[in-house]
Amino acid sequence: VQLQAFGGGLVQAGGSLRLSCAVSGRAISNYGMGWFRQAPGKEREFVAAITWSGLSTYYRDSVKGRFTFSRDNAKNTVYLQMNSLKPEDTAVYYCAADRRPFSSGSSYLSRESNYDSWGQGTQVTVSS
């Protein structure tokens with residue numbers, strides 16, 4: 001399974017970016033997906049997740065209302081729309097695929113250990 005994340009870049013505070021994660025080698029339709037990020041000198045943290053059905057999404061508190069996670073199973077791709085970006089959103093963003101099909105729940109999908117496939121990361125830099 002290969003995940004390729006792209007769409008990062010440099011943006012001013014208040015701006016928007018849309019990250020994409022294209023998956024090959026596995027149909028994602030039965031799998032939850034997640035986005036995580038790692039800022040310099042910090043541990044990787046959960047950002048957002050979407051269930052296999054797409055009916056539920058989960059977000060860390062600091063991005064709620066600003067980020068939107070969506071999926072297009074026909075394209076085997078997921079997206080993270082990021083609006084009202086803040087300097088503290090600066091990080092390398094990673095997409096990941098759940099190791100287990102048909103999973104749900106924020107406590108499960110927010111845990112890194114439940115993902116077995118990861119993208120290479122895309123840099124998001126928000127200037128003040």
Side-chain angles (χ1 to χ4, degrees):
V1 181
Q2 289 190 326
L3 287 74
Q4 185 173 6
F6 52 95
L10 174 63
V11 64
Q12 288 189 331
S16 298
L17 283 173
R18 187 195 196 203
L19 304 184
S20 300
C21 176
V23 182
S24 59
R26 180 200 289 177
I28 66 170
S29 55
N30 294 338
Y31 292 86
M33 299 289 294
W35 284 98
F36 293 76
R37 68 187 181 187
Q38 187 168 21
K42 295 187 177 181
E43 293 189 353
R44 189 158 59 186
E45 63 184 16
F46 168 76
V47 177
I50 190 167
T51 58
W52 64 274
S53 65
L55 294 178
S56 295
T57 51
Y58 312 107
Y59 303 92
R60 69 179 300 105
D61 287 346
S62 62
V63 308
K64 285 179 181 177
R66 300 189 296 122
F67 290 12
T68 302
F69 201 160
S70 61
R71 62 191 300 152
D72 185 339
N73 290 338
K75 295 182 178 179
N76 229 37
T77 299
V78 297
Y79 307 95
L80 186 67
Q81 178 67 43
M82 306 187 296
N83 298 330
S84 302
L85 282 162
K86 303 176 180 180
E88 51 263 43
D89 295 318
T90 295
V92 177
Y93 283 70
Y94 299 89
C95 60
D98 185 5
R99 65 174 66 248
R100 200 175 71 186
F102 307 118
S103 300
S104 63
S106 59
S107 60
Y108 176 87
L109 287 173
S110 63
R111 199 166 296 147
E112 283 190 44
S113 59
N114 291 324
Y115 294 85
D116 64 349
S117 300
W118 292 79
Q120 83 287 2
T122 184
Q123 175 71 48
V124 172
T125 303
V126 185
S127 63
S128 57

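- The backbone N or O of V23 sits less than 3.5 Å from a side-chain atom of N76, completing a donor-acceptor pair.
- By the rule that hydrophobic residues join a cluster once side-chain heavy atoms approach within less than 4.5 Å of another member, V78 and Y93 end up as members of one cluster.
- Side chain of R71 to backbone of I28: a donor-acceptor contact under 3.5 angstrom is found.
- The shortest side-chain heavy-atom distance between R66 and M82 does not fall under the 4.5 Å cut-off.
- Atoms CZ and OG, on R99 and S113 in that order, are 7.0 Å from each other to the nearest 0.5 Å.
- The distance from atom CH2 of W35 to atom OG1 of T57, rounded to the nearest 0.5 Å, is 15.0 Å.
- In this structure, K64 pairs ionically with D61, as a charged nitrogen and a carboxylate oxygen lie closer than 4.0 Å.
- Under a 3.5 Å cut-off, the side chain of T90 and the backbone N or O of V126 do form a donor-acceptor pair.
- Between Q123 and A91, the closest heavy-atom pair is NE2-O, 3.5 Å.
- With hydrogens and angles disregarded, a donor-acceptor distance shorter than 3.5 Å links the side chain of Y58 to the backbone of G105.
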Review point. Going through the checks in order, is the side-chain contact (heavy atoms from CB on, under 4.5 Å) test met by Y108 and D98?
Key: CA-CA 10 Å; Y108 176 87; D98 185 5; 2.7 Å; yes
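- Between A22 and F6, the shortest heavy-atom contact is CB-CE2, 4.3 Å.
- Hydrophobic clustering, with ILVMFWY side chains joined whenever heavy atoms are under 4.5 angstrom apart, keeps F46 apart from V63.
- The aromatic ring centroids of Y115 and F36 lie less than 6.0 Å from each other.
- Y94 is not connected to M33 by any chain of hydrophobic side-chain contacts under 4.5 Å among Ile, Leu, Val, Met, Phe, Trp and Tyr, and they are in different clusters.
- Between the CZ atom of F67 and the OG atom of S16 there is a distance of 9.5 Å, given to the nearest 0.5 Å.
- Taken to the nearest 0.5 Å, the NZ atom of K86 stands 14.0 Å off from the OG atom of S128.
- L80 and W52 are members of different hydrophobic clusters when ILVMFWY side chains are connected at heavy-atom separations under 4.5 Å.
- Shortest non-hydrogen contact noted between Q120 and Q4 is OE1-CA, 3.5 Å.
- T122 and G7 make their closest contact through OG1-N, 4.0 Å (heavy atoms, listed as atom of the first residue, atom of the second, distance).
- Here E43 contributes atom CD and Q38 contributes atom CD; the two are 8.0 Å apart, rounded to the nearest 0.5 Å.
- For the pair T51 (side chain) and S56 (backbone), a donor-acceptor distance under 3.5 Å is present.
- Taking hydrophobic clusters as Ile, Leu, Val, Met, Phe, Trp and Tyr residues chained together by side-chain heavy-atom distances below 4.5 Å, V47 shares a cluster with L85.
- D116 places a side-chain heavy atom less than 4.5 Å from the side chain of R26.
- Under a cut-off of 6.0 angstrom, the local environment of CD in E88 is crowded, with over 12 non-hydrogen atoms contributed by other residues, nucleotides or ligands.
- The shortest non-hydrogen separation linking S20 to T77 is CB-CG2, 4.4 Å.
- The minimum heavy-atom distance between G8 and V124, with the atom names listed, is CA-CG2, 4.1 Å.
- Side-chain atoms of Y79 do not come within 3.5 Å of backbone N or O of D72 as any donor-acceptor pair.
- Interatomic distance, S117 OG to L3 CG, rounded to the nearest 0.5 Å: 6.0 Å.
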